[in-house]
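Reviewing the structure listed below.
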2 protein chains.
Amino acid sequence: MKLRHLTFRLLEVYVATVRTGSVTAAARQLHLTQPTVSQQLKRLAEAVGEPLLQSGAAGVETTEAGSELYRAALDVTGRFDDYQDYLAELRGGRRGHFSIALVNTAQYVLPRLLGPYSRAFPDVDVTVQIGNRQQLLGRFDRQLDDIYVFSHPPSLEHALAARFLRNPLVMVAPENHPLAQRAEVESTDLARERFLLREPGSATRMLFESWLQGQGVQLSGILQMASNEAIRVGVTSGMGLAVLSQHVLPAVNPGLVVLPVRHFPIESHWYFIVRRDRRLPHAARGFLRFASDRVEHCLPLEYVRNEIPSLLASLGATAESSAS
Amino acid sequence: MKLRHLTFRLLEVYVATVRTGSVTAAARQLHLTQPTVSQQLKRLAEAVGEPLLQSGAAGVETTEAGSELYRAALDVTGRFDDYQDYLAELRGGRRGHFSIALVNTAQYVLPRLLGPYSRAFPDVDVTVQIGNRQQLLGRFDRQLDDIYVFSHPPSLEHALAARFLRNPLVMVAPENHPLAQRAEVESTDLARERFLLREPGSATRMLFESWLQGQGVQLSGILQMASNEAIRVGVTSGMGLAVLSQHVLPAVNPGLVVLPVRHFPIESHWYFIVRRDRRLPHAARGFLRFASDRVEHCLPLEYVRNEIPSLLASLGATAESSAS
DNA sequence: AAGACTCATAGATAATTATCTATATACATA
DNA sequence: TATGTATATAGATAATTATCTATGAGTCTT
């Protein structure tokens, strides 16, 4: 039996013939002529190597090999119908998997989108990667994830970016700090303060340093700490000052005050980034759609800045209809 | 998704690729060149409408749509492997169905072949039809059965025949009948006897009548009875004489004697008959093979005359390799 | 015996497939 | 940075497929 040249179309024709019990009726059903169907059936029988049909009273009836083939054909087409259903779910973004990579800071806000999303799409598996900016840039280069959340997008040559949330950076101090009493703090006041900063390359640090440069101020004492949490606790216990994303601070933060520094807060934004060259899984696209629809409900309205629609639009224009 | 042009060959190529995780390796395995495989995969992906593979570390790996397709492909090819197994059994005559039609007389001997056959091939369904010669000829014309057993073959224009068993016709009388005492009975002695005969057209009757004609004898009293059993009992109880197949008589037959009529017994044979124009099911062929092999063991050796091998040979020559 | 159906066969053709060789591109590793 | 290894693309071609129209050949039903 030469299965190789057996097509699903052939099985379809065969099934229609057996169902109707007539070559002519099958031809009508499939919008073919009767000889076409006859010939297809002949080819099929040749492929199987056994007669499948014999002329019966009215029309044709199956031989033994034929009725077993009919069963097999139904099973097979049924299995593929299931596969089609699966594909439909995949395409609709209702099933599947995607991976999203967050810079540390973003882990304070993204769950408020990802949580509702997971509840709405329980059949989608989401992998969340968290790392510092450096690590994420590495992952981005190696194309390990589908969506990235940066506070400052990398080179846009290979990527598309859309802001979705303001990320104001504020300066915090322990509540008993001398500057905490002032109505306004000048940049020059900061020169002799000790600062707790994230590692170089961190977006927060980069922005702060470029702000300092703009102000012509040079810091004296710097203490590098690996995590925002550690910094917050460090500030509270009087180790120094820090610049942090406002989202990192709890709603009430006993022991900490935000300093009224002139030209603060430093405005920045979080971006959703997707690679231009990598095909976005349907589920990832579904998440972006979801985020675009719901970001106003899931996150504080005054921070939202929803540019996702234009990102989706550019995606729709490029990534559609590319295969393997 | 256009399933229609999807072939099993394509799935085979795909499965090989996923298994080996490499286009090149799959190509080697299938004795194709690498570009051929690449192109097949491309076609497959187009048919599905989703990318199925993406370049991974070494070789390729499946996308989500791809791994589900892999599962589907395995299911489908597995189902067809089952079907192939079924076909193999069918072809080997180990499974399936056939129908055999016997003239009444033959029902005394055929079970001795059919019984052992059914035990040896429990997965074959056999339909046994029994009727008088007239009925069987009707079935033969309408091509209702696969094998016929006649004591006298019909026109051989559309049929092949093979003797397998002698069928001597003997004349029986009640044991107290005057002729039963004689050392030899002449045909002329029969003219005034009453005979119990089967219906006209019955092979036994035809042969007896043509024997009578050859002897120039005309019978006076005829009593027609529908069954051999009835005739046997009728003879025993003194209603008259009869000509019966020797096989119809029990080994010991109290009350009955076989008359030593000159030129008796009338020699005849049973034939297996198959139609030339009708494809013989594998199972039917299997039965003939079995009968040919075992007829000497299943039936009294002195009656056997096995011409089945030449029947099988002519079948092999003609009926092979015809489809639908 | 003529009609009306059903299915099969023949011949034709445009489209598609299967397959190759040659070449380009991408990536990893020495 | 060169060099091999893996995959993709292009161009070519023979084979196969899908499909048609026209026609032949069996069966029933009048």
Selected nucleotide, minimal atom distance to A:S38 side chain, candidates C:dA18, D:dT21, C:dT9: C:dT9

Can you find a side chain N or O atom of B:T36 that sits less than 4.0 Å from OP1 or OP2 on C:dT19? no

Rounding to an integer number of Å, can you tell me how far A:L10 CG sits from D:dT17 P? 9 Å

Whether B:R139 engages the ring of B:Y148 as a cation-pi pair (distance to the six-membered ring centre under 6.0 angstrom, angle to the ring normal within 45°) should be assessed. no

Separation of atom CD in A:E46 from atom P in C:dA8, rounded to whole Å: 13 Å

Would you indicate which nucleotide in C:dC7, D:dT19, C:dT19 comes nearest to any side-chain atom of A:L32? D:dT19

A:Q39 vs C:dT9: side-chain N/O to OP1/OP2 distance below 4.0 Å: no

With respect to the phosphate group of D:dT7, does any side-chain polar atom (N or O) of B:T24 fall under 4.0 Å of OP1 or OP2? yes

Taking A:T36 for the side chain and A:L32 for the main chain, is one N or O donor matched with an acceptor at less than 3.5 Å? no

Testing C:dC7, D:dT7, C:dA18 for proximity to the side chain of A:V60, the answer is C:dC7

Take the protein atom CG of A:L6 and the nucleotide atom P of D:dA18, then report the distance between them rounded to whole Å. 10 Å

Establish, from distance only, whether the side-chain atoms of A:H282 and B:E50 form a donor-acceptor pair under 3.5 Å. yes

In terms of side-chain heavy atoms, does B:Q34 have a donor or acceptor partner in B:S38 at a distance below 3.5 Å? yes

So, is B:R43 close to the C:dT17 phosphate, meaning a side-chain N or O under 4.0 Å from OP1 or OP2? yes

Of B:Q143 and A:P35, the one whose closest nucleotide on DNA chain D sits nearer the 5' end is A:P35

Calculate the interatomic distance between B:Q40 atom CD and D:dT7 atom P; express it in whole Å. 16 Å

Rounded to the nearest Å, what distance is computed from the CG atom of residue A:L41 to the P atom of nucleotide D:dA18? 12 Å

Using a distance-only criterion (donor-acceptor N/O pair, under 3.5 Å, no hydrogens), is the base of C:dA8 paired with the side chain of A:Q34? yes

Phosphate-side-chain proximity, B:T7 and C:dT17, N/O vs OP1/OP2 below 4.0 Å: no

Report yes if a side-chain nitrogen or oxygen of B:T33 is closer than 4.0 Å to either non-bridging phosphate oxygen (OP1 or OP2) of C:dT21; otherwise report no. no

Nearest whole Å is fine: how far is D:dT17 P from B:R9 CZ? 13 Å

Return the value, rounded to whole Å, for the distance between atom CG of A:L52 and atom P of C:dA8. 12 Å

With A:F8 as partner, the option from A:Y14, A:Y83, A:F80 fulfilling ring-ring contact (aromatic ring centres under 6.0 Å, His included) is A:F80

Nearest-Å distance, NZ (B:K42) to P (D:dG11)? 12 Å

